[in-house]
2 protein chains.
Amino acid sequence: LIRLENVRKIYQTGEVTVQALKGINLDIQKKSFVSFIGPSGSGKSTLLNLIGCLDKPTEGKVFVNNVEVGLFNRAESAAFRGKNLGFVFQNFNLIPVLTVYENVEYPLLMLDHLPLKERNDRVLRLLEKVGMTDQKKKYPNQISGGQKQRVAVARALVTNPQLVLADEPTANLDHATAFKVINIMQEMTNEFGTTFIFSTHDPKIVGEAEIIYTLEDGAIVNSEIKKEKK
Amino acid sequence: LIRLENVRKIYQTGEVTVQALKGINLDIQKKSFVSFIGPSGSGKSTLLNLIGCLDKPTEGKVFVNNVEVGLFNRAESAAFRGKNLGFVFQNFNLIPVLTVYENVEYPLLMLDHLPLKERNDRVLRLLEKVGMTDQKKKYPNQISGGQKQRVAVARALVTNPQLVLADEPTANLDHATAFKVINIMQEMTNEFGTTFIFSTHDPKIVGEAEIIYTLEDGAIVNSEIKKEKK
Ligand SMILES: Nc1ncnc2c1ncn2[C@@H]1O[C@H](COP(=O)(O)OP(=O)(O)OP(=O)(O)O)[C@@H](O)[C@H]1O
Ligand SMILES: Nc1ncnc2c1ncn2[C@@H]1O[C@H](COP(=O)(O)OP(=O)(O)OP(=O)(O)O)[C@@H](O)[C@H]1O
Ligand SMILES: [Mg+2]
Ligand SMILES: [Mg+2]
């Protein structure tokens, strides 16, 4: 499903050059629970952004479903993401002028074949699963940090994408709520064959992962295959 | 140092009334490591905002150093915070147009008795402690989530405040970096008698706390005294 060939990412800020990713090679199969771990600043978010077509590599190639996504222009990237991906951002990125309900509904508006009733059902069902039903009319600045994170998770899942990229999706959640979120994701993998790629510091998520890649200073220094795929 | 008497906080949003805090009574001594834990949405950030003079209670009184901070106007709150408090926000709240260095330096500019050399030493020392020296010329949108969090921590500590309120200060940090941050805080408590109040889901912080309050649905449902104060 995902292939990275010799991917490098370099940021230039003034006189400082940051090698955020140094020659990454990866092959990720469908229907897997993959986790990237590593120290703060090691390149996890950068890697997820490249896989998620939010950014392009400085060198090397990124393939999703055998499509080289680094060749897209901005409109093509946006269309590809809308159809195929769900993304949980490290800083949530909720739209301030939309309510919780509208934030979760938003990606569905981009898919024009979905009737209103079906859209409404999906949004409500996901809000229920993340425990945010009572808060659906509030705005992002009226909910707690962990509540924003749960809305971000719901939004990433609502289009039932084949690939979900989740950047520290449980960082602001207590134990019980974090497991609720992990369970929703496992259900989706079992029911729809969704592939989940996490960047995380949370040992609870790492514990559920089938494959764990360790990033350090922009390079993959370890990979561990943990479970048999069911 | 801190006293809360029958504190309530009610948010009104349209027709919905949220009782974020329901009659909190608290007494926190100096030089302690206090941790608030509880499910997402239970009121931790709200409580920290009240103690940190960023918000006022709907009912009840909040005393810091025997000063009733709920009576301040906005200018008085800002002045009081600048002299007495350090705050690590759940969403970091870094100033986008200032560099990492300038963000950490900022609270010192409000204290006008500090010579430039001393200011520079303090900023650099704290950046070193949180491992952000090499990044000091970057802007907030050029650093990772955990790096932003570390800058927010450094900024909260730079004025050597007698009270630090930290809202999930390790949520975005890996194990090793989180312990670095916890150690800096323990050093400050031992060296300067700083009081630390955390809102957190991180068992590492809870493990270091002397007193643990559990919040649930806006009320304190448990308090546990763990260690002897050294
Ligand atoms: N400005 C606001 N308007 C309306 N409701 C609010 C507002 N701010 C917070 N709330 C509500 O008050 C409750 C407590 O929020 P708070 O941010 O204190 O929770 P928390 O314990 O910090 O949660 P988390 O662990 O998710 O950060 C939540 O139900 C939240 O939705
Ligand atoms: N826009 C940018 N310009 C310059 N440097 C950047 C930019 N974005 C990220 N970096 C740098 O690239 C490196 C990797 O960043 P990245 O956000 O991928 O780390 P991370 O592993 O997600 O960290 P964390 O666990 O703290 O979220 C960091 O050193 C960061 O400072
Ligand atoms: Mg990151
Ligand atoms: Mg909070």
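Both backbone and side-chain heavy atoms feed into the values below; hydrogens, waters and symmetry mates do not. Naming: A, B, ... by sequence-line order, numbering from 1 per chain. Keep in mind that this is a model prediction, so the values were computed, not measured.
- For the set A:Ala171, A:Ser45, A:Gly41, the entry with the most heavy-atom pairs within less than 4.5 Å of chain B is A:Ala171.
- For B:Asp121, the CG atom sits in a packed shell: over 12 heavy atoms of surrounding residues, nucleotides or ligands are nearer than 6.0 Å.
- Atom NZ of A:Lys61 is surrounded by 12 or fewer heavy atoms from other residues, nucleotides or ligands within 6.0 Å.
- For A:Ser144, the part lying under 4.5 angstrom from a heavy atom of chain B is the side chain only.
- Taking OG from A:Ser40 and CE from B:Met132, the interatomic distance works out to 7.5 Å, rounded to the nearest 0.5 Å.
- Atom OG1 in A:Thr177 sits 7.0 Å away from atom NE2 in B:His201 (nearest 0.5 Å).
- For CG of B:Asp217, the number of neighbouring non-hydrogen atoms (other residues, nucleotides, ligands) closer than 6.0 Å is 12 at most.
- Only the side chain of B:Glu168 comes within contact range of chain A, with heavy atoms under 4.5 Å apart.
- In terms of heavy-atom proximity, A:Gly146 sits nearest to B:Gln90 at N-NE2, 4.0 Å.
- No side-chain heavy atom of A:Val16 sits under 4.5 Å from any side-chain heavy atom of B:Lys137.
- Put simply, the side chain of A:Val18 does not reach to within 4.5 Å of the side chain of B:Gln142, judged on heavy atoms.
- Atoms CD and CG, from A:Glu216 and B:Asp174 in turn, are 9.5 Å apart once rounded to the nearest 0.5 Å.
- The environment of A:Phe179 atom CZ is dense: over 12 non-hydrogen atoms of other residues, nucleotides or ligands sit within 6.0 angstrom.
- Atoms CG and CG, from B:Asn172 and A:Asn91 in turn, are 9.5 Å apart once rounded to the nearest 0.5 Å.
- Distance check: B:Thr13 OG1 to A:Ile143 CD1 gives 11.0 Å after rounding to the nearest 0.5 Å.
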